[in-house]
Amino acid sequence: MHRLSEQDLALQGAARRLADELVPHEVAVELAGGDVPLELAARHRARARELGLVATNIPVADGGRGATTLQQVLVQEQGGRVTNALAWVMATPPGWLPAVATPHQRERWLVPTVRGDAVECYAITEEQAGSDVADLSATARRDGDHYVLDGEKWHVTSFNEATYAFFQARLVGGEHNGEHAMFFVDLPSPGVRVVRTPAYSHSIGHHHPIVAFEDVHVPVENLVGAEGDGMTFAHEWFRFERLMVAARCLGAAERLVEDTTAFAAERVVGGRPLIDYQLVAAMLADSVTELLAARTLVYAVARAIDDGADRKVAHAQCSMAKLYASEMAGRVADRAVQVFGGRGYMRENVAERFYRELRVERIWEGASEVQRVIIARQLARRGLAALA
Ligand SMILES: Cc1cc2nc3c(=O)[nH]c(=O)nc-3n(C[C@H](O)[C@H](O)[C@H](O)COP(=O)(O)OP(=O)(O)OC[C@H]3O[C@@H](n4cnc5c(N)ncnc54)[C@H](O)[C@@H]3O)c2cc1C
């Protein structure tokens, strides 16, 4: 494996330090249903900023850290070691935005987001448009110097924390009729309301409500990029976020292997430590082997992007990284619960929490099946040598 540079190690070390500081708060947050006391959350955010772990994906010219893709992976990997979304304080604002934001948008949304004074959420998915995100029924209609937005969005993560939303819709009328466009919508705004806030498997402070946008008027300056650009941003975001999902899965698996191995060495059953039983040892061996395979893959994909990999190849390889790392982490969590036995079924146990929390990694940002479709399509188009 390649060695990490001094800068890589410094950033990784800072992220590891913050993750280690967050871990002791997990159980209290879990038992409180995911709520983090406001003062504690503010302290964690400040600490992430102090350690240079916020906006690692944003260029220095825009106030971010300007980290390489590999460094971003190293940071998110450490964040992945923590449950209950406590590590989301290592926030990554939309990396595609600096390239397209107008001076007004930069001032109003981008700079405050990078500084940590504004928080975004994504209102894209709908009841009937998830995997097939092109199938949106939300609409945007130009009306003079405004657009009028309508639609109901599902799973709007962090809506309860957000100061604005990216709202994606299909244009009605005009030259780009039927194409997609994305808009900034300040929160709160007249016409935006929570329909309901369903409970999810994990216990985290970020809610995922169903949100109605009804006759919401936004100035034309709120259009992101140009009419018809909507899907471009979604694809850019997917590529980045899929790799970061993979990175966090590495961190989760590392924590699980570490804690499970320690437990298996310590817990004595029938006069022998659990780790001396070959059936248990095999579970640990499989987990650490798969972790190494996933880590090698994810780091290689990150390095290829830093070396200027072809965009489409990178798209497929990010899907490969997400597919493998998320499925790997799911298997590792399942074995971890098994090795912990009854303790692994208790919410105060890290394996129990990860067992629930990691499940969504195989669903959001494109389900595993969707990743396979993308990979196979690129394999057919670009050939084996390009992909692997
Ligand atoms: C906790 C959580 C947070 C989320 N946060 C956000 C957010 O902030 N903003 C946002 O816009 N969205 C968000 N989402 C939505 C998420 O991106 C979608 O759930 C995801 O894209 C899958 O879409 P779907 O749920 O509609 O599943 P569906 O599209 O209904 O698919 C269901 C299943 O069908 C299978 N399937 C689908 N397509 C194919 C195919 N082509 N080939 C083979 N099998 C297929 C897969 O197994 C898939 O899991 C979030 C979801 C969750 C659970």
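Everything numeric here is computed off the predicted structure, so don't read it as measured data. One-based numbering, in listed order, for ligands and for the atoms of each. Heavy atoms only: backbone and side chains are in, while hydrogens, waters and symmetry mates are out.
Dense packing is recorded around CD of Glu221, with more than 12 heavy atoms of other residues, nucleotides or ligands lying under 6.0 Å away.
Residues satisfying the salt bridge (charged side-chain N to carboxylate O under 4.0 Å, His left out) test with Arg45, not counting sequence neighbours, are none.
Within 4.0 Å of ligand 1, heavy atoms belong to protein residues Tyr122, Ile124, Thr125, Gly130, Ser131, His155, Thr157, Tyr200, His208, Val360, Ile363, Trp364, Glu365, Ala367, Glu369, Val370.
Residue pairs meeting the salt bridge (Lys or Arg N to Asp or Glu O under 4.0 Å) criterion with at least one member in residues 258-282, sequence neighbours excluded, are Arg255-Asp259. Within the structure, ring-ring contact (aromatic ring centres under 6.0 Å, His included) contacts touching residues 134-156 (residues at least two apart or in different chains) are Tyr147-Phe183, His155-Tyr200.
For the 3.5 Å distance criterion, the side chains of Ser319 and Gln371 qualify, holding a donor opposite an acceptor. Defined by atom type and a distance below 3.5 Å, a donor-acceptor pair is missing between the side-chain atoms of Gln128 and Ser137.
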